[in-house]
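Remarks on the structure that follows.
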Amino acid sequence: MSDKRVRVRFAPSPTGGLHLGGVRTALFNYLFAKKHNGDFVLRIEDTDQNRYVEGAEQYIIDCLNWCGITPDESPVTPGQYAPYRQSERKTLYREYAERLVMQGHAYYAFDTAEELDKNRKEIPNFQYGQVYRDGLRNSLSLPQHLVDQLLADHTPHVIRIKIPADQTVSFTDMIRGRVSFETNTIDDKVLLKADGMPTYHLAVVVDDYLMKISHAFRGEEWLPSAPIHLLLWDYLGWKADMPQWAHLPLILKPDGHGKLSKRDGARLGFPVFALDWEGTEGFSGMGFLPEAFVNFLATLGWNDGSGHEIFTLDELVTKFSIDRISKAGARFDFEKAKWFNAEWIKKVKAERLKVEVKKVLTDKGIIVEDDTYLLTIIELIKDRCTLLPDFYQQSAYFFQTPAGYDLNAVKPKWTNEKTDFFKAIIEQLKSTEKLIAADFEASFKALAEEKGLKTGDVMLPFRIMLVGGKFGPHVFDIAALLGKDETIDRVEKALIEFTA
RNA sequence: GGCCCGUUCGUCUAGGGGUUAGGACGUUAGAUUUUCAUUCUAGAAACAGGGGUUCGAUUCCCCUACGGGCUACCA
């Protein structure tokens, strides 16, 4: 590793929602940059106008912000290497492509899409490369005057790289070690499209150079095109400045085979996007904490070797290291993702959860007026919540009387003695000034004994009176929080139902 | 088909020439909780196969198998 400043980029194309794999690539970029006091750049690779999706760029930025991995430089917060959208850099790529043509490393090609399709169909293993290029319509095969004429007539054309024969291109990947390719198996990829836009291959090299990128992280699907990029770095004369490459293992589908795709979420019933995207619920919408989401993503293909799995973003930054990234693809496991969220809900303070929980309750029509009351409730129930919406189910009864009662759990075993007991409880409560959990528990038990009832026989009914079902924290804590009047009220109401 | 990458419990992974192959999720059983969850304890569960190298290979090398990726004027 040289001593030049660490600069990394996350370079997504705005073609839709940002899925797990993309966010993880961004995260690893961020972690590496921050660990080495470097810069994290967001560059939008919108060179394909056909696939451009309105709003996708803003969505990507929102996702990164939600995750807490905000770029230092981006289209909306440009640094000195602006612009950060490749579409806005369009004019600059042509110059480099022409330069390659002049040097004999690239050439003009006039073949139409139809002609190429025909070849691909008729010739087995057809490649636009050294074997066939002489028989096709390009500046290598056509006489110079004809090429000049075609160019002068503005005949649609592309610029292709001229892959050399009989060479071995190899490099050292930070994750995979030495990787080699034979140039004879590589085809002459298009560098500049007929519309003047560069393809990924040209744009990524030019921009990484111009933006002084020192380390390039990208998914493993890019490995096969790495030799093209290596050749380009060389031909453009920038070899000494080439970033170090790191091809990240892919995130695979939880079932079956293949890499995780955007459609898998809908099919398998779990989110693949960080934030909601066009009606598809994301991790955020499903009730994940960004801390948990990021933590989970970090462990998909990386671990710190200690056996610990719960890390804050800052901890990830200090612990991150490329040599602990695994080579094999990681299957996405939604159960594990949920476990991370549950751990994070337990770990953070109630205060941290306040805004999110309030929103969950508000969405369900519960207006929270007293923040202190809410905080106490959150503290009391957070250990039993996995996703944010669980807070509704676990706390609704604190704000409204139970919508219904689990009558099956009480009615079959109901007796007149129990009715008497609860009537006595009401009276006892009425005569106390304030409901204190410990005091009330003691007197509740004493009264049960006095009436010849087993505490257990009245505890469950009491819980169901207050909560509606067999769940929730210590019942006397609930009563104390509800307060004397509300408790009395609920017991009275429930009694009617239980004895009906 | 061609090229490239990969392969330790169901899943994420640790380990690495001699280990009872460790942890986590999930799962099973039990304890605690007079509810549920949490928590705790215990259990089942893996080195793809074949050749080398070696005193010894899960670990190093080769082959095979399997998995994955790429093979567009998409990224």
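So you know, we letter chains A, B, ... as the sequences are listed, proteins then strands, and number each from 1.
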Is there a side-chain polar atom (N or O) of [X] under 4.0 Å from OP1 or OP2 of [N]?
X	N	result
Arg324(A)	G15(B)	yes
Arg51(A)	A72(B)	no
Thr199(A)	A75(B)	no
Lys346(A)	A37(B)	no
Arg160(A)	C73(B)	yes
Lys193(A)	A72(B)	no

Inset, instruction - Mark up nucleotides 19-36 of chain B, 5' to 3', with B wherever a protein heavy atom is under 4.0 angstrom from a base atom, S wherever such an atom reaches only the sugar-phosphate, and - elsewhere. - result: -----BS--------BBB
Inset, instruction - For Thr15(A), answer base if it contacts any base atom (sugar-phosphate contacts may also be present), sugar-phosphate if it contacts only those atoms, and nothing otherwise; contact means non-hydrogen atoms under 4.0 Å. - result: nothing
Inset, instruction - Using a heavy-atom cut-off of under 4.0 Å over every strand shown, decide if Gly219(A) touches base, sugar-phosphate, or nothing. - result: nothing
Inset, instruction - Measure up the Trp302(A) and Phe311(A) rings against each other and bin them: parallel (under 30°), tilted (30 to 60°), perpendicular (over 60°). - result: perpendicular
Legend entry - First encountered from the 5' end of RNA chain B, between Val190(A) and Leu252(A): Leu252(A)
Legend entry - Within 45° cone of Trp344(A) ring axis and under 6.0 Å: Lys347(A) NZ or CZ: yes
Inset, instruction - State whether Tyr392(A) and Lys364(A) meet the cation-pi test: NZ (Lys) or CZ (Arg) under 6.0 Å from the six-membered ring centroid, and within 45° of the perpendicular axis. - result: yes
Hey, what are the protein-to-nucleotides 2-8 of chain B N/O distances that come in under 3.5 Å?
| unit_1 | atom_1 | unit_2 | atom_2 | d |
| --- | --- | --- | --- | --- |
| C5(B) | O2' | Arg176(A) | NH1 | 2.6 |
| C5(B) | O2' | Glu220(A) | OE2 | 2.8 |

Inset, instruction - Please name all residues satisfying salt bridge (Lys or Arg N to Asp or Glu O under 4.0 Å) with Glu450(A), sequence neighbours left out, ordered by chain then number. - result: none
